[in-house]
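Order of the sequence lines fixes the chain letters, A, B, ..., with proteins taken first and strands second; residue numbering starts at 1 for each chain.
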Amino acid sequence: MSDAYYYSEDSTTIQGVDLPVTEIGTSSEIDTLADSATSLAHSAPDNFFITGLTVFILACFVGYYVVWRVTPALHSPLMGITNAISSVIIVGAIIAVGPIEGSGFSKFLGFLAVILASVNIFGGFIITRRMLHMFKKKGA
Amino acid sequence: MPMISGFAHLAASVLFILALRGLSHPETAQRGLTYGVVGMILAVVTTLYLPTVGSWGLTIVGVLVGGAIGAYIARKIEMTALPQLMAAFHSLVGLAAVLVASAAFSNPEAYGIGTSGDIAIVSLVEMALGVAIGAVTFTGSLIAWGKLQGTLSGKPFTFEGQHALNAALGFVLVTLIVMFCNSESGFLFFLIIMLALLMGVLMIIPIGGADMPVIVSMLNSYSGWAAAGIGFTLHNNLLIVTGALVGASGAILSYIMCKGMNRSFLNVVLGGFGGDAASGGSGDHGDRQAKIGSAEDAAFIMKSAGKVIIVPGYGMAVAQAQHVLREMVDALKEEGVEVKYAIHPVAGRMPGHMNVLLAEANVPYDEVFELEDINRDFAQADVVYVIGANDITNPSAKSDSSSPIYGMPVLDVEKAKTVLFVKRSLGSGYAGIDNPLFYADNTLMLLDDAKKMTENIVKALED
């Protein structure tokens, strides 16, 4: 899915494929169309919503079955781990910080988000580790 | 490279699933945690190698700063403060979601979702939803944190027309989102964020302190949905999978907590429960007087018992009595007494709160039992030692249909030969309900702070 990051996926441009056909004249417009056709062929961007939704629903089911099997004694560590992994949102923050050129504002927002998500990732994993270390069997 | 990072993100998703799977047993939990950490490293490193990510400097600085703060807090925090820590962490996920969605809105090119002023409508919908859920999670968690920390009163804050106001604001929020998707106006985007922030506050203030296990789980779930929403915006399957896992996990925990109180989720979320003095329930216990005992009495009774069951509650956490409780149990074991612990699903302020505190005090997890596994044992127990719990032992939940907690599953402590009930006063619990157990013939009330009383019992046992 990560090809999504660098092919243009703008669906309005793609819709442009059938709408302004009669007006095609300049070469730049043709280039744009060619570009969007390429991107269409590569990543079918319009369908990402369906792909994403499929992944989402299936993951909800996986989550449902996996979490029901978690022993109630470990519900607090479960919260710790889910808190840490939900900060995988850092991936989005890194993409905002990353571009060498581009808006300073979005970089700044991304930078703040990287800090917050890192607090959570480190904090969440470490507190979970602390909790799990305490759970011991009789005589252990 | 995109192929590689795609596979890496798939691998990270699988590792996250395995991380949760590991928690099915304390023995596999450590390995599960390792899977989670590896998955996270994989996700971050492959993202750094994406072609659009040109500079690493700021990211590395951010990770170091945030990581240091997170590591410091997680190492220093007291285990009793765990519920408020979780609430605080959830608020950060919410705020991070708001920031990422705003970054995507101001620089859509970096994410390949169009150009500024010309973002695909699907992306706008996802962005608006992600940012709204994130903002609600942020302020809602802050309020929950305040209530758990004691910075804000744990009492429900209600006012006339509260639900109508919330419904109206919800309607306005939906309208704003629709308008935003049509206009892509930055001002509307800002308004959506502000309104969602306000709604987060309004949603949590009417909810009482003792309902916090449900709320902390619910906010856990929201932080997941916010991450999934951002995943849709950024066309990133890893975020979607992780968000769905976290969302499902929080939702299941909320469900378990609601069931533990025999209340519907809606009933909890609408709030207002608890805090009102002595509403409903029969406060009428006739002329029966509670029997008040001393630490020496308690020590004597427990020493001569064969089987003792300990029932801990939030009061134990507040008094930090878990360590001295373990000492008491050790002393009893030396006398040849068999001791078990019984945990009610909503004991404490977050799911599994009591289990962690007992584990912290080195209580082996195989001596700790959940409600359905131990409820039958009370009839054979000689002594039940209730420390810092109240409503979860209230027999009127079974017998008195006018009681506000009627139908809630409770621990059958009254079936034991003797009940020792540690409590600061004869006052009612959070639900404002009188507990007939206080006046039962086989109950001995030990009126003191949970920690002090248990310390005195340990002294008496050693003499």
Side-chain angles (χ1 to χ4, degrees), chain A residues 1-5 9-11 48-49 52 55-56 59-60 63-64 66-67 69-70 72-76 78-79 81-83 85-86 88-89 91-94 96-100 102-103 105-106 109-120 122-123 126-127 131-132 134-135 137-138, chain B residues 2 5-6 16 20-21 23-24 26 29 43 47 53-55 58-59 62-63 65-67 69-71 73-74 86 89 92-93 96 99-100 102-103 106-107 110 112 114 120 122 223-224 227 230 232 234-235 237 240-242 244-246 248-249 252 351-352 355-356 359-360 364-366 370:
Chain A
M1 278 319 117
S2 47
D3 31 355
Y5 298 130
E9 296 204 319
D10 183 359
S11 68
F48 181 79
F49 181 70
V55 170
F56 177 72
C60 283
Y64 179 87
V66 172
V67 173
R69 294 191 62 161
V70 172
L74 294 181
H75 276 163
S76 287
L78 171 68
M79 268 202 174
I81 281 203
T82 52
N83 176 69
I85 65 172
S86 66
V88 72
I89 207 165
V91 165
I94 293 174
V97 175
I100 294 170
S103 103
F105 181 58
S106 112
L109 294 179
F111 178 60
L112 286 184
V114 167
I115 296 181
L116 296 181
S118 306
V119 171
N120 259 313
F122 283 77
I126 291 174
I127 194 80
M131 287 191 255
L132 291 179
M134 300 185 311
F135 281 88
K137 241 184 145 146
K138 215 181 290 193
Chain B
S5 82
F16 287 163
L20 299 190
R21 180 73 180 77
L23 292 176
S24 58
T47 308
V53 179
S55 68
L58 272 181
T59 302
V63 169
V65 171
I69 299 172
I73 297 173
M86 285 302 150
F89 279 165
L92 296 184
V93 182
L99 292 172
V100 172
S102 306
S106 84
N107 185 13
V122 187
S223 69
I230 301 299
F232 275 103
L234 308 187
H235 295 188
N237 277 331
I240 295 179
V241 171
T242 314
L245 289 177
V246 176
S249 162
I252 289 174
N355 302 79
V356 170
E360 188 199 11
Y365 61 76
D366 35 11
E370 304 298 320

Quick one: which of [options] has the most heavy-atom pairs under 4.5 Å with chain A, could you say?
options: B/L245, B/I69, B/L92; answer: B/L92
options: B/P26, B/S223, B/G224; answer: B/P26
options: B/I230, B/I73, B/I252, B/L99; answer: B/I252
options: B/A244, B/G67, B/A96; answer: B/G67

Heavy atoms, side chains only, cut-off 4.5 Å: are [X] and [Y] in contact?
X: A/S118; Y: B/V65; result: no
X: A/F111; Y: B/T59; result: no
X: A/V88; Y: B/F16; result: yes
X: A/V114; Y: B/V63; result: yes

Minimum heavy-atom separation for [X] to [Y], with atom names?
X: A/V91; Y: B/A43; value: CG2-O, 4.1 Å
X: B/V356; Y: A/S76; value: CG2-CB, 3.4 Å
X: B/Y365; Y: A/F135; value: CD2-C, 3.9 Å
X: B/V93; Y: A/S86; value: CG2-OG, 3.6 Å
X: A/L109; Y: B/S102; value: CD1-CB, 3.5 Å
X: A/T82; Y: B/V246; value: O-CG2, 3.5 Å

Q.
Using the rule given for side-chain contact (heavy atoms from CB on, under 4.5 Å), can you reason through A/V70 versus B/R21, listing the C-alpha separation, both sets of side-chain angles and the distance that settles it, and then say yes or no?
A. CA-CA 7 Å; A/V70 172; B/R21 180 73 180 77; over 6 Å; no
Q.
Just to verify, what does B/A248 make a side-chain contact (heavy atoms from CB on, under 4.5 Å) with, not counting sequence neighbours?
A.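 B/A248: no side-chain contact (heavy atoms from CB on, under 4.5 Å) contacts found.
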Q | A/I81, part contacting chain B, at a heavy-atom distance under 4.5 Å | A |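 The side chain, not the backbone.
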Q | Set of side-chain hydrogen bond (donor to acceptor under 3.5 Å, both in side chains) partners for B/S249, sequence neighbours left out | A |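 B/S249: no side-chain hydrogen bond (donor to acceptor under 3.5 Å, both in side chains) contacts found.
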**Q.** Option in A/N83, A/I94, A/L78, A/L112 with maximal non-hydrogen atom pairs under 4.5 Å from chain B
**A.**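 Result: the option with the highest number of such pairs is A/N83.
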(Q) Tell me which of these, A/A73, A/A93, A/P72, A/A117, has more heavy-atom pairs under 4.5 Å with chain B than the rest. (A)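 Of the options given, most contacts go to A/A73.
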Q: Kindly assign one of parallel, tilted or perpendicular to the pair B/F232 and A/F49, based on the angle between their ring planes and the thresholds 30° and 60°.
A: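 The arrangement is tilted - the two ring planes meet at 30° to 60°.
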Q) Can you tell me how far the CE atom of A/M131 sits from the CG atom of B/N355, to the nearest 0.5 Å? A)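 Taking CE in A/M131 and CG in B/N355, the distance rounds to 11.5 Å.
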Q: Starting at CZ of A/R69, measure out to CG of B/L23 and round the result to the nearest 0.5 Å.
A: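 It comes to 12.5 Å.
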Q. Is there a donor-acceptor contact under 3.5 Å from the side chain of B/N107 to the main chain of A/S106?
A.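 Such a contact is absent between B/N107 side chain and A/S106 backbone.
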Q: Could you tell me which portion of B/E360 (side chain, backbone, both or neither) has an atom closer than 4.5 angstrom to a non-hydrogen atom of chain A?
A: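 Both backbone and side chain.
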Q: Start with the C-alpha distance between A/V67 and B/L20, add both sets of side-chain angles, then the distance that settles side-chain contact (heavy atoms from CB on, under 4.5 Å), and finish with yes or no.
A: CA-CA 7 Å; A/V67 173; B/L20 299 190; 4.3 Å; yes
(Q) Run the side-chain contact (heavy atoms from CB on, under 4.5 Å) test on B/N237 and A/F48 for me, step by step, so that the C-alpha distance in whole Å, both residues' side-chain angles and the decisive distance to 0.1 Å come before the verdict. (A) CA-CA 10 Å; B/N237 277 331; A/F48 181 79; 4.0 Å; yes
